[in-house]
Amino acid sequence: MKLVSKLVVPFILISFLFVFVTSCEQKQESAASERIYVTIGTGGVTGVYYPTGGAISRIVNKKYDTYKIKATVESTGGSVYNINAVLSGDLQFGVAQSDRQFQAINGQKEWEKKGPQKDLRSVFSIHPESITLIASVNSGIKSIKDLKGKRVNLGNPGSGQLGNSQDALQAFGLTEGDLNAEYVKAVEAPGLIQDERLDAFFYTVGHPNGNIKEATSGRIKVRIVPIVGPELDALIQKYPYYAKSVVPAKLYPNAIGGQDVNTFGVKATFVTSIKVSEDIVYAITKEIFENFEEFKKLHPAYQVLTKENMLAGLSAPLHPGAAKYYKEAGLTKYINPSLLP
Ligand code: GLU
């Protein structure tokens with residue numbers, strides 16, 4: 001009997017230990033499997049999309065205990081890349097220009113061959129973006145027509161700005177063949193201007209941003225070139241997503257000229273796919289709108305944001321998760337009714 005109890009006691013202890021260890025492991029495993037990862041596609045690290053992805057993630061990740069959502073940010077080639085990655089399921093969310101959202105849902109431009117991208121869903125609008133033309137003073141470029149024969153970066157394939165610079169050239173009677181066109185990422189352009197390997201570049205971006213600060217702070221002096229005139233008025237007439245915009249001079253004190261620059265613009269928007277669950281989109285929408293003042297402080301380009309203007313400029317149907325929140329919060333009145341699910 002004694003011998004038996006001598007064997008039984010350690011056996012029981014070991015069994016307890018075993019059960020304890022495995023249940024801990026299981027707990028850890030289920031905590032990890034409960035975690036929902038979402039990735040937000042943005043743009044180059046010196047633009048506004050990248051910090052925008054950061055701002056959204058920051059607000060959402062604060063509520064990890066409630067939603068178990070872990071949002072992360074990816075630097076990408078820009079709007080067109082983000083829309084395609086959201087549609088393929090490689091990314092769950094993306095920042096994209098309002099004009100690119102319109103073109104994707106209507107099967108235009110980059111989506112002409114593939115047709116309307118029916119799974120694309122809008123969540124909200126964010127900051128305004130201006131089609132910004134930067135030129136070295138040495139190049140002598142003072143208007144868009146002066147781009148003829150110059151080395152000009154129009155934007156990388158996958159970016160939002162490539163389509164805008166092509167539209168701008170066309171509106172002013174120029175073709176890509178009239179210039180030495182480059183197609184590199186916006187993040188590289190300020191360095192190329194400073195190395196005198198580029199005369200000018202287009203960037204569709206919110207202001208202020210690190211990219212234009214970098215371009216205006218070097219040895220080579222640069223100016224922001226206005227895009228104005230009857231040619232622009234005709235362009236705005238032709239496309240519903242373009243509007244006039246201004247780049248305030250005070251944001252870039254080192255730029256030559258010192259005057260506010262008139263140009264045209266679009267809006268940054270936040271998009272997803274119908275395949276992303278209602279709960280996730282609801283949670284993200286709710287946290288951004290319920291922490292609106294905190295969100296607005298996260299980037300100077302958000303200064304002009306209101307809850308109302310964050311619901312304008314959308315063209316893809318609203319994701320049901322976003323629509324659910326807007327209904328609860330009494331914001332539906334600001335939304336184009338044809339976009340409601
Ligand atoms: N509008 C640019 C694009 O869609 C990106 C601007 C930014 O990164 O802030 O490619």
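Computed from a predicted model, the values in this text were never measured in an experiment. FYI, side chains are in, hydrogens and waters are out, and symmetry mates aren't considered; it's all heavy atoms of this structure.
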Item to check | Flag for Asn156-Tyr81: side-chain donor and acceptor within less than 3.5 Å | outcome: no
Checklist entry - Taking 4.0 angstrom as the limit, do Asp178 and Lys148 come out as a salt bridge? => result no
Checklist entry - Going through the checks in order, is the side chain to side chain donor-acceptor pair (under 3.5 Å) test met by Asn84 and Gln117? => result CA-CA 9 Å; Asn84 288 334; Gln117 301 300 295; over 6 Å; no
Checklist entry - Do Val225 and Leu192 belong together in a cluster built from hydrophobic side chains that touch within less than 4.5 Å? => result no
Item to check | Pi-cation contact, Tyr37 with Lys70 (under 6.0 Å, within 45°) | outcome: no
Checklist entry - So, the side chain of Lys250 versus the backbone of Gly258: is there a donor-acceptor pair under 3.5 Å, distance only? => result no
Checklist entry - How are the rings of His299 and Tyr302 set relative to one another: parallel (under 30°), tilted (30 to 60°) or perpendicular (over 60°)? => result tilted
Next on the checklist: By the definition ring pair (Phe, Tyr, Trp, His ring centres under 6.0 Å), identify the one residue from Phe289, Phe124, Tyr334 that meets it with Tyr326.
Outcome noted: Phe289
Next on the checklist: Using modelled atom types and a 3.5 Å cut-off, is there a donor and acceptor pairing between side-chain atoms of Glu74 and backbone atoms of Thr42?
Outcome noted: no
Checklist entry - Any sub-3.5 Å donor-acceptor pair from Ser79's side-chain atoms to Ala96's backbone N or O? => result no
Checklist entry - Can you hop from Ile335 to Leu305 via hydrophobic side chains spaced under 4.5 Å? => result yes
Checklist entry - Counting N and O atoms only, with roles assigned by atom type, does the side chain of Asp199 sit under 3.5 Å from a partner on the main chain of Ser136, one being a donor and the other an acceptor? => result no
Checklist entry - Is the number of heavy atoms from other residues, nucleotides or ligands under 6.0 Å of Lys307 NZ greater than 12? => result yes
Checklist entry - Counting only heavy atoms not in Lys275, do more than 12 sit closer than 6.0 Å to its NZ atom? => result no
Checklist entry - Which distance, rounded to the nearest 0.5 Å, do you find between the CG of Asn291 and the NZ of Lys297? => result 10.5 Å
Item to check | Any donor-acceptor N/O pair, Asn153 side chain to Val184 backbone, under 3.5 Å | outcome: yes
Item to check | Worked verdict on Thr269 versus Ile126 for side chain to side chain contact (heavy atoms under 4.5 Å, CB included) | outcome: CA-CA 5 Å; Thr269 71; Ile126 325 171; 5.7 Å; no
Next on the checklist: I'd like to know if the side chain of Glu182 reaches the main chain of Leu154, judged simply by a donor and an acceptor atom lying under 3.5 Å from each other, with no hydrogens or angles considered.
Outcome noted: no
Checklist entry - Can Glu294 and Lys62 be said to form a salt bridge (Lys or Arg N to Asp or Glu O under 4.0 Å), step by step? => result CA-CA 12 Å; Glu294 184 192 342; Lys62 271 193 183 173; 2.6 Å; yes
Item to check | Separation of Ser273 OG from Leu87 CG (nearest 0.5 Å) | outcome: 6.5 Å
Next on the checklist: Can a donor-acceptor pair be found, under 3.5 Å and without considering hydrogens, that links the side chain of Arg223 to the backbone of Gly140?
Outcome noted: no
Checklist entry - In Å, rounded to the nearest 0.5 Å, how long is the span from CG of Leu318 to NZ of Lys324? => result 14.5 Å
Checklist entry - How about Gln170: does its CD atom have over 12 heavy atoms from other parts shown lying under 6.0 Å from it? => result no
Next on the checklist: I'd like to know if the side chain of Arg35 reaches the main chain of Lys68, judged simply by a donor and an acceptor atom lying under 3.5 Å from each other, with no hydrogens or angles considered.
Outcome noted: no
Item to check | Derivation of the side chain to side chain donor-acceptor pair (under 3.5 Å) call for Gln108 and Asn106 | outcome: CA-CA 6 Å; Gln108 299 173 359; Asn106 289 300; 5.4 Å; no
Checklist entry - Counting distance only, does the side-chain N/O of Thr216 pair as donor-acceptor with the main-chain N or O of Ile212 below 3.5 Å? => result yes
Checklist entry - Any donor and acceptor pair, going by atom type alone, linking the side chain of Thr46 with main-chain N or O of Val187 inside 3.5 Å? => result no
Next on the checklist: Testing the 3.5 Å rule here: is there a donor-acceptor pair between the side chains of Ser130 and Ser245?
Outcome noted: yes
Checklist entry - Does the pair Glu231 and Lys145 meet the rule for a salt bridge (Lys or Arg N to Asp or Glu O under 4.0 Å), with working shown? => result CA-CA 11 Å; Glu231 297 91 340; Lys145 288 183 180 163; 3.0 Å; yes
Item to check | Leu120 and its side-chain contact (heavy atoms from CB on, under 4.5 Å) partner, picked from Ile274, Ile83, Thr272 | outcome: Ile83
Item to check | Intermediate values then yes/no, ring-ring contact (aromatic ring centres under 6.0 Å, His included), Tyr282 and His319 | outcome: CA-CA 9 Å; Tyr282 173 82; His319 190 284; over 10 Å; no
Checklist entry - Any salt bridge between Glu287 and Arg58, counting N to O under 4.0 Å? => result no
Next on the checklist: Using salt bridge (Lys or Arg N to Asp or Glu O under 4.0 Å), reason through Lys63 and Glu290 one step at a time and then give a plain yes or no.
Outcome noted: CA-CA 12 Å; Lys63 289 287 175 67; Glu290 309 257 289; over 6 Å; no
Next on the checklist: Under a 3.5 Å cutoff, is there a donor and acceptor pairing between the side chains of Gln103 and Tyr241?
Outcome noted: yes
Checklist entry - Cut-off 3.5 Å, side chains only: do Glu176 and Tyr183 have a donor facing an acceptor? => result yes
Next on the checklist: Please evaluate residues Lys244 and Asp233 with respect to the criterion salt bridge (Lys or Arg N to Asp or Glu O under 4.0 Å), reporting the C-alpha separation (whole Å), side-chain torsions for both, the decisive distance (0.1 Å), and the verdict.
Outcome noted: CA-CA 9 Å; Lys244 290 195 178 177; Asp233 299 344; 2.9 Å; yes
Next on the checklist: With a 4.5 Å cut-off on side-chain heavy-atom distances among I, L, V, M, F, W and Y, is there a chain of contacts connecting Ile59 to Val271?
Outcome noted: no
